[in-house]
Structure formats: C-alpha cells, structure tokens
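Ligands are counted one by one from 1 in listed order, and the atoms in each one are counted from 1 as well. All figures in this text were calculated on a predicted structure; none of them were measured in a lab.
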Amino acid sequence: MILKTNIPLRDHSNFKIGGNAKYFVEVKSKEELVNSLNEYREIDPCFSSVFVLGKGTNVLFKDEGYDGLIIKNEICGIREEFNEVEVASGELMQDLVISSAEFSLSGFEWAGGLPGSVGGAIRGNAGAFGGEIKDNLLEVTSLNMISLKTIARNNLECRFNYRNSVFKYEANKEFILSAKFSVKKDDKKEIESKIEERVSYRKDRHPLQYPNLGSMFKNIPVEIVPKDVLEEFKNYIKNDPFPVIPVAKLIASTKLMGRREGDAQISEKHPNFIVNLGSAKASDVLILMNIIKEELKEKYRVSLEEEIMIL
Ligand SMILES: Cc1cc2nc3c(=O)[nH]c(=O)nc-3n(C[C@H](O)[C@H](O)[C@H](O)COP(=O)(O)OP(=O)(O)OC[C@H]3O[C@@H](n4cnc5c(N)ncnc54)[C@H](O)[C@@H]3O)c2cc1C
C-alpha cells in the first residue's frame, strides 16, 4: 500500500490549519504518481475526491479534514538552457527564481519572494508587481488523472487570465507535471537586484512572522467598483496586471483590522491577510472572511471573490 491514511493536513499547509486527509501520498516522479492513482482507483473509481497539493500556500483545509486522496507534489528538477528553462511542477517558485538568476537568465524577477510551487503558480496564474506566470510560459505538460494520458498545451491553450487558467476549471482533473519558459540572458547583478527589491517589499509589508495564505480575496477590477467608491480610492488604483482597487485598502478603511476570531486575526500589517496566531481553526478563518465580505458589501457595495482555495 503506497497510500498513507489519516494524515494531518495542517502539517502540509502554510496556514498550519486543517483536519486529516483520509488518504495521502507524496509523489517524487510521474511513475509514483501513476502508481498512486492506480491504487486509489480501487477505492474511488470515479476519482471524485482527489486533490493535488503543491506547497499549501493557497489552500484552507477545513477542520473536518478531507474525505479523499491528497497527492502532495514533490516532483522536482530544473533544466536551464540558453533561452529556455524546463522545470518540474513540484519545484519551489523561489528555487526557479534563484537558479535562473544564477545563470543570468531574466524572466522571473517579478516572482521574487513568491511562495509556493511552480504547479500551483501555473494553475492560479500567480502574479505580482505587474508580472504573471503566463508572461514567458511556452508550454505546460499535465497528466489526466483518470485516463492517465499526458497532455501538452501551449500558452494560449492554457487560457490564462486573472488568477485563472484552464487547470482551474475545465482541466481540474489534471496534474500539472512540468512547464517550459522562455528566458533571456541579461546582467546578473541587475536581475538579482530586482529580485531582492521584491523580496524586501514583501518582508516589509506582509505579516510573514505568522502562518498565512497571502491575500484572501482578489483585488477588484475598477469597472465593477461603484463610481463614488472609485473616486474615494482613485489614488490607490494599481495595475495587477490591469487596474484594480486593492481589497487591503478597502478593509483598512473599516474598523476590521486586528479583529480576532479565536486565534485567527485580520492582519494589522496587511488587512487582506488573515493570520494564524497559534491554534486558529478553519471555522475561525471562515467567520472572519464572512465578516469582511459583509462589511465591504454594506459599506462599498462590492462583492469579494476568494483568492484562496477552500477544501
Ligand atoms: C505570504 C504569501 C504571499 C503570496 N503572494 C502572492 C502573490 O503576490 N501573487 C499570487 O498570485 N499569489 C500569492 N500567494 C498565493 C500563493 O503563493 C500562490 O497562489 C502559489 O502559486 C500557490 O502555490 P502552491 O504550490 O502553494 O499551491 P497550493 O496552495 O498547494 O495549491 C493551490 C491550488 O493549485 C492546485 N495545484 C497545485 N499544484 C498543482 C499541480 N501540480 N497540478 C494541478 N494543480 C495544482 C491545487 O490543487 C490548489 O487548487 C501568496 C501566498 C502567501 C502565503
């Protein structure tokens, strides 16, 4: 039996929250992945409850746990070439950023300090500082977990948009295996200084001393913000990568910063973050998320959309 049982998900979450997974496996290769899927097929032939986990920096696991299989992706490897990088999906984004810089390859500077795996970043089209994972992506290879067929998609076929890709909806039964990116040789010092700038920005502004999942809600495109609210917050519009009103600014204008529910707290440092002060439960976090949604709906007539995934 490759699959383990009753594994605490809090140990695999950046939030340190969550009940147990009924079945759990860590895979280090495509072969291990296929073997695990074949074993699980006996338990759940329709694969109705299978979840692929990267580094757990964007998933809130519920307190009751997960009644299915969690596959933790540990498939690693980076191959740098003159103008192309091929990377396995279980690599940390930071390892990709740093190793590309070591080879003087430009293309990932925007991602300096971005937590999580390459697979997680592709699925959610992660972005920061005006850049997105899709910008220099050439091809993604994935495995359909039901048919076990390997699929290669070019950038267009991945249908990227704001924190979205084909893997989030139509292809959510696919395990992203690897990706190819285009890069170009550039001045090493300049690449490193851009990365360092982004890392310091994050250290200064994010409450990284506590377990968290980053921004809980997506920023709001200006077109859907009521005119009077837009006028009030016009100085805070940022390109992310299109004009948005940062949710953090809206929350900061309420009395919600620092609000606690159990050990979960709306961060005072970055109010779109909820932090775990010690033994927060998923239910505490969900209560705070609801409070934020209701307050901003009432005060600014905006509907928030979760950026994190709730399992
Ligand atoms: C402090 C902090 C700052 C952050 N800043 C940013 C930011 O600036 N911009 C931003 O976009 N995000 C940000 N995030 C969110 C997060 O880092 C990204 O979404 C990251 O890309 C998620 O990667 P992960 O490996 O942790 O994915 P996980 O949290 O493990 O999973 C996220 C989703 O991706 C799916 N997934 C993961 N790997 C695969 C795979 N191989 N195949 C198929 N599906 C997969 C999972 O099923 C899940 O639905 C931040 C998070 C934190 C904690």
To the nearest 0.1 Å, how far is [atom] from its closest protein heavy atom, and which atom is that?
atom                    : value
atom 13 (C) of ligand 1 : Leu114 CD1, 3.7 Å
atom 31 (O) of ligand 1 : Val59 CG2, 3.6 Å
atom 40 (C) of ligand 1 : Val52 CG1, 3.6 Å
atom 35 (C) of ligand 1 : Arg123 CD, 3.0 Å
atom 18 (C) of ligand 1 : Thr57 OG1, 4.0 Å
atom 42 (N) of ligand 1 : Ile176 N, 2.9 Å
atom 28 (P) of ligand 1 : Gly56 N, 3.7 Å
atom 15 (C) of ligand 1 : Asn58 OD1, 3.7 Å

[X]/[Y] aromatic ring centres below 6.0 Å:
X      : Y      : answer
Phe108 : Phe181 : yes
Tyr210 : Phe273 : no
Phe129 : Tyr201 : yes
Tyr162 : Phe242 : yes
Phe61  : His12  : no

Where the closest heavy atom to [atom] is concerned, which of [options] has it?
atom                    : options                : value
atom 23 (O) of ligand 1 : Gly113, Ala111, Gly120 : Gly120
atom 21 (O) of ligand 1 : Ala121, Gly116, Gly90  : Ala121
atom 4 (C) of ligand 1  : Gly131, Gly124, Pro115 : Pro115

Under 4.5 Å between side-chain heavy atoms, counting indirect links through other Ile/Leu/Val/Met/Phe/Trp/Tyr residues: same cluster for Val140 and Ile71 or not?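 As far as the 4.5 Å side-chain criterion goes, Ile71 and Val140 are not connected within one cluster.
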
Hydrophobic cluster identity match, Ile266 and Leu60, side-chain contacts under 4.5 Å: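 Shared cluster, yes.
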
Do Arg159 and Phe167 come within less than 4.5 Å of each other through their side chains, counting heavy atoms only?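 No, their side chains stay 4.5 Å or more apart.
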
Contact check, side chains of Val166 and Glu157, non-hydrogen atoms, under 4.5 Å: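 Of all side-chain heavy-atom pairs linking Glu157 with Val166, none is under 4.5 Å.
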
Side-chain donor or acceptor of Ser215 paired with backbone N/O of Phe217 under 3.5 Å: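 No; zero donor-acceptor contacts below 3.5 Å.
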
With atoms numbered from 1 as shown, which atoms in ligand 1 lie under 4.0 angstrom from a non-hydrogen atom of [X]?
X      : value
Ala128 : 8 (O)
Asn14  : 53 (C)
Glu174 : 43 (C)

Regarding ligand 1, does Lys55 bring an N or O atom to under 3.5 Å of one of the ligand's N or O atoms?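 Between Lys55 and ligand 1, an N or O pair is found under 3.5 Å apart.
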
Could you tell me if any non-hydrogen atom of [X] lies under 4.0 Å from any atom of ligand 1?
X      : value
Phe167 : no
Leu208 : yes
Glu132 : no
Met93  : no

Verify the distance criterion only: is there a donor paired with an acceptor across the side chains of Thr141 and Lys180 at less than 3.5 Å?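 Judged by distance alone, the side chains do not pair up.
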
